[in-house]
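A quick write-up on the structure given underneath.
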Amino acid sequence: MVLKKIIIDTDPGIDDALAIMYAMKHPEIEILGITTVAGNKGLKTTTNNATKLSKYFGSKVKVYRGAHAKLDEIDKPEIDSNLTKDIHGVDGLGGVNLEKDDSLIQEKSAYDFILETINKYPNEVDIVTLGPLTNLAVCIEKDLETMKKVKSIHSMGGGVFSGNVSPVAEFNYWFDAKSVDIVYGKLGEYVPIYMVGLDVTRQGLIDFNDLKYMELVGGDLGKLVNDLVKDYINSYWKNNRVFGIVIHDLVAMVGYANNEIYKKVYNANLRCVYDSDVAYGQCIVDLVDSWKLPKNAYIPMEMDSKLYKYEINKVLFGESEAKEYRKIIGG
Ligand code: BDR
Ligand code: CA
């Protein structure tokens, strides 16, 4: 079996943690490295959290530090921000006690790691981004020709019809909107980039029955999933009056592993607004091709949520558990 080679670019984050867990358990995915970026937390915390996950799963995947701030502020001193403490908890992992492992953190930067890896395996490496796109924008500014040899990018972020930090902006793309515009604008014509935005992630609501089943059949892993999302559930209720959770980053990772969860995928030109206060971070997606500009994004808009759940259970807990649950919920 030829394994799918990926780099995970991330700012863990509870939903990042679940996406990384899924990738680490997936028999057909080979994680070449994890690159970290500031987003949910400052870079120090997101990097420590990445080592915790790598260590817990015994994968010993190495971790490379990337941008500590958005592109325009990268020359400023590093700060330990905590933008999403009400969602991901103070530590970013919902207070779950996992041990970090400094030995996994590499001297080499995320940028050098990404560019060297792409050159080592041209047209073979996929990048799944679960946080702001700053690291990719820096790589593009450094060496666009090498970045054109990325096989595909699956990026959780953005949204066509709504946002979650403003009416029009989603968190990852709002955090560094200019980098988003650079990534799609300079690379999207050459490399397939999937924008896994809120339109589709919100169709993957994980409800209390789904979580209970994981706890019942999943042993330590099922318990870990439930521990990680404990406070996330409360924040979902408090902030959105939603009964259950959307694990945004996990949708991007499952969709990367099995594209069939996406039912309707548009190919369109995408721009991200970074020069307006009101619309900062908004994705302008030309679904009707009014601009007649090159198409630079693939945008899933509909998802088979039952297949999504099946895939999660299959990879985390095994095929028979996944089939059993499918009998319960149908699909
Ligand atoms: C995205 O924002 C972050 O808080 C999550 O980790 C996810 O990547 C969802 O808008
Ligand atoms: Ca994230």
Side-chain angles (χ1 to χ4, degrees), residues 7-23 34-43 45-50 52-53 63 66-67 70 81-94 96 110 127-136 153-177 179-180 183 194-206 225 228-229 231-236 238-240 242 244-256 272 280-283 299-300 303:
I7 293 171
I8 303 177
D9 189 62
T10 179
D11 64 337
I14 292 169
D15 54 343
D16 303 72
L18 292 164
I20 292 169
M21 176 193 289
Y22 175 89
I34 297 177
T35 52
T36 53
V37 67
N40 281 318
K41 306 287 157 197
L43 185 65
T45 306
T46 59
T47 304
N48 284 341
N49 287 350
K52 289 179 184 178
L53 298 161
V63 177
K70 63 179 176 179
S81 65
N82 203 343
L83 283 175
T84 60
K85 68 175 179 319
D86 293 342
I87 300 165
H88 298 273
V90 176
D91 64 347
L93 294 180
V96 171
I127 302 180
V128 179
T129 71
L130 309 173
L133 289 181
T134 321
N135 289 345
L136 296 200
I153 294 170
H154 288 247
S155 168
M156 192 284 128
V160 178
F161 293 119
S162 65
N164 58 5
V165 286
S166 85
V168 294
E170 177 280 334
F171 178 81
N172 289 339
Y173 284 14
W174 164 87
F175 190 91
D176 186 359
S179 286
V180 176
V183 170
Y194 283 79
M195 185 198 90
V196 185
L198 298 174
D199 315 273
V200 70
T201 61
R202 282 177 172 148
Q203 294 169 34
L205 187 82
I206 298 293
V225 171
L228 280 165
V229 301
D231 293 341
Y232 197 57
I233 291 174
N234 297 338
S235 80
Y236 249 78
K238 211 169 108 201
N239 298 330
N240 313 309
V242 168
I245 46 174
V246 176
I247 312 177
H248 303 278
D249 294 339
L250 183 58
V251 175
M253 192 61 81
V254 175
Y256 161 67
C272 190
Y280 183 82
Q282 179 173 17
C283 291
I299 302 151
M303 178 171 108

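Both counts, for ligands and for their atoms, begin at 1 and track the order of listing. Residue numbers count from 1 along this sequence. Keep in mind that the numbers below use all heavy atoms, side chains included, and drop hydrogens, waters and symmetry copies.
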Check each of Thr47, Asn49, Asn48 against Pro12 using the side-chain contact (heavy atoms from CB on, under 4.5 Å) test, and report the only one that passes.
Asn49
Within the 4.0 Å heavy-atom shell around Glu170, which atoms of ligand 1 are there?
1 (C), 2 (O), 9 (C), 10 (O)
Could you find the nearest protein heavy atom to atom 8 (O) of ligand 1 and give me its residue, atom name and distance?
Asp249 OD1, 2.6 Å
Show the nearest heavy-atom pair for residues Leu93 and Gly13, with the distance to one decimal.
CD2-O, 3.6 Å
I need the atoms of ligand 1 closer than 4.0 Å to a non-hydrogen atom of Asn172, numbered in the order shown.
1 (C), 2 (O), 3 (C), 7 (C), 8 (O)
Excluding water, the protein N, O or S atoms sitting under 3.0 Å from the Ca ion (ligand 2) are Asp11 OD1, Asp16 OD1, Asp16 OD2, Leu130 O, Asp249 OD2
Which pairs pass side-chain hydrogen bond (donor to acceptor under 3.5 Å, both in side chains) with one or both residues in residues 156-171, sequence neighbours excluded?
Ser162-Arg202
Is a side-chain N or O of His154 found less than 3.5 angstrom from the main chain of Val128, in a donor-acceptor match?
no
With a 3.5 Å distance limit and no angle check, can you tell me whether Asp11 reaches the backbone of Thr46 through a side-chain donor-acceptor pair?
no
Taking His88's backbone N and O only, do any of them form a donor-acceptor pair with Asp231's side chain (distance below 3.5 Å, no angle check)?
no
Is it true that a side-chain atom of Asp199 and a backbone atom of Phe161 form a donor plus acceptor pair closer than 3.5 Å?
yes
Looking only at protein heavy atoms, identify the closest one to atom 7 (C) of ligand 1 and say how far it is in Å.
Asp15 OD2, 3.1 Å
Quick one: does Thr35's side chain have a donor or acceptor within less than 3.5 Å of a partner on Ala110's backbone?
no
Does ligand 1 have a heavy atom under 4.0 Å from the side chain of Asp16, from its backbone, from both, or from neither?
side chain
For ligand 1, which atoms, with element, lie under 4.0 Å from some heavy atom of Leu130?
8 (O)
With the side chain counted from C-beta on, respond yes when Tyr22 and Ile247 share a heavy-atom pair under 4.5 Å apart, and no when they do not.
no
How close does the nearest protein non-hydrogen atom get to atom 4 (O) of ligand 1, and which residue and atom is it?
Asn40 OD1, 2.6 Å
Proximity to ligand 1 by part of Asn164, non-hydrogen separation under 4.0 Å:
side chain
Is there a donor-acceptor pair closer than 3.5 Å between any side-chain N or O of Asp86 and the backbone N or O of Gly89?
no
Quick check: Gly131 and ligand 1, any N/O pair under 3.5 Å apart?
no
